[in-house]
Amino acid sequence: MPHSENALVRKLSNFVRLSPDELDCLMELQSKRQNIARSTDVVHEGQTGHDAYILQQGWAYSYKLLPDGGRQVINFSVPGDFMGLRSVLLRTSDHSFASIGDAVVSRFSVKRMISVFSQFPRLGAGVLWAVSRDEAMLVEHLVGVGRRSAIERMAHFFLELGDRLQLVGMASETHFECPLNQYLLADTLGLTAIHVNRVLRQLREQDLITLKQHHVVITDVKGLKELAGYESDYLDQPLPWAKIDD
């Protein structure tokens, strides 16, 4: 696969101009690929000694289960995202990761990642940027669940998702594929499945967004952003002058 077609390369290249050696290292880090069947836990909460992963194909999500069987979805992973990189430094994983549909991941050990950081510190800075960006999204999700109305929450979620997919070449400003069902959306946004359907209908009736057969169409980007109060600065989307050269 050419470097330019790799999702992680595309993502990190928006932060740092990678040298040929850094590109080769990044591709080698992703060389051990593993097929994951749909709805399969890649890492489960409480697991010890697990490795970290890079999602190559498909979608995944991280979640925690409550004692009563309830589920809180923490975040979604799209191609080019790390999974378990933070928790790999803990003795036990504090949450689970699972595939949504069939997926392909690259697996690597914390020992290998530390070696990469030592050999290629600029690449390490790029990975730190990606992890920091994920942390910023979690903060924003916490604000959404705690303070935004249901329709604002939904609008903000799809705008963020679209921006994330654009970064790796999987979306335009107004169109992208989205394999999430109403139950995953509900467990992400702190709603019931019935409420999710009601909110999606409201967004459609206001001619802002439609979700049909796993395809999202944002019909009014400006109006949706105004409704959500959406500001994408926390995503640190690419700015040409902001890349690290040396």
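Everything quoted here is computed from the prediction, not taken from an experiment. The analysis underlying the following values was restricted to heavy atoms, covering all of them including side chains, and did not include hydrogens, waters or symmetry mates.
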Any ion pair linking Asp81 and Arg164 (charged N to carboxylate O, less than 4.0 Å)? yes

Under 3.5 Å side-chain donor-acceptor pair for Gln182 and Asn197: yes

Test your reading of the model: is there a side-chain donor-acceptor pair from Ser96 to the backbone of Glu45, 3.5 Å cut-off? yes

Backbone N/O of Glu28 and side chain of Ser31: donor-acceptor pair under 3.5 Å: yes

Please say which of Leu191, Val73, Leu211 ends up in a side-chain contact (heavy atoms from CB on, under 4.5 Å) with Leu185. Leu211

Under 3.5 Å, is there a donor-acceptor pair linking the side chains of Glu177 and His214? no

Parallel, tilted or perpendicular, judged at 30° and 60°: which one describes the rings of Tyr230 and Tyr234? perpendicular

For atom CG of Leu66, is the number of surrounding heavy atoms from other residues, nucleotides or ligands below 6.0 Å larger than 12? yes

Say whether, by atom type as modelled, one donor and one acceptor occur between the side chain of Asp41 and the main chain of Val43 under 3.5 angstrom. no

Return yes when atom CD of Gln72 has more than 12 non-hydrogen atoms of other residues, nucleotides or ligands closer than 6.0 Å, and no otherwise. yes

Between atom CD of Glu152 and atom NE2 of His156, what is the distance when rounded to the nearest 0.5 Å? 10.0 Å

Heavy atoms only: give me the nearest Met170-Phe176 pair and the separation to one decimal. O-CB, 3.9 Å

N-O pairing of Glu22 and Arg17 below 4.0 Å: no

Should the ring pair His215 and His175 be called parallel, tilted or perpendicular, given that the plane angle runs from 0 to 90° and is split at 30 and 60? tilted

Just one of Tyr61, Tyr183, Tyr63 clears the side chain to side chain donor-acceptor pair (under 3.5 Å) bar with Arg71, so which one? Tyr61

Which pair of heavy atoms, one from Ala186 and one from Ala193, lies closest together, and at what distance? CB-N, 3.7 Å

Is there a donor-acceptor pair closer than 3.5 Å between any side-chain N or O of Thr40 and the backbone N or O of Arg38? yes

Among Phe117, Phe15, Phe120, side-chain contact (heavy atoms from CB on, under 4.5 Å) partner for Val127: Phe117

Going by an N to O cut-off under 4.0 Å, is there a salt bridge joining Asp51 and Arg107? yes

Do other residues, nucleotides or ligands put more than 12 heavy atoms under 6.0 Å from Glu173 CD? no

Count I, L, V, M, F, W, Y as connected when their side-chain heavy atoms are under 4.5 Å apart, and connections chain through other members. Are Ile36 and Val78 then in the same cluster? no

Quick one about Gln56 and Gln30 (side-chain donor to acceptor, distance below 3.5 Å, no hydrogens or angles considered), yes or no? yes

Hey, what's the ring geometry for His141 with Phe157, parallel, tilted or perpendicular (30° and 60° as the breaks)? tilted

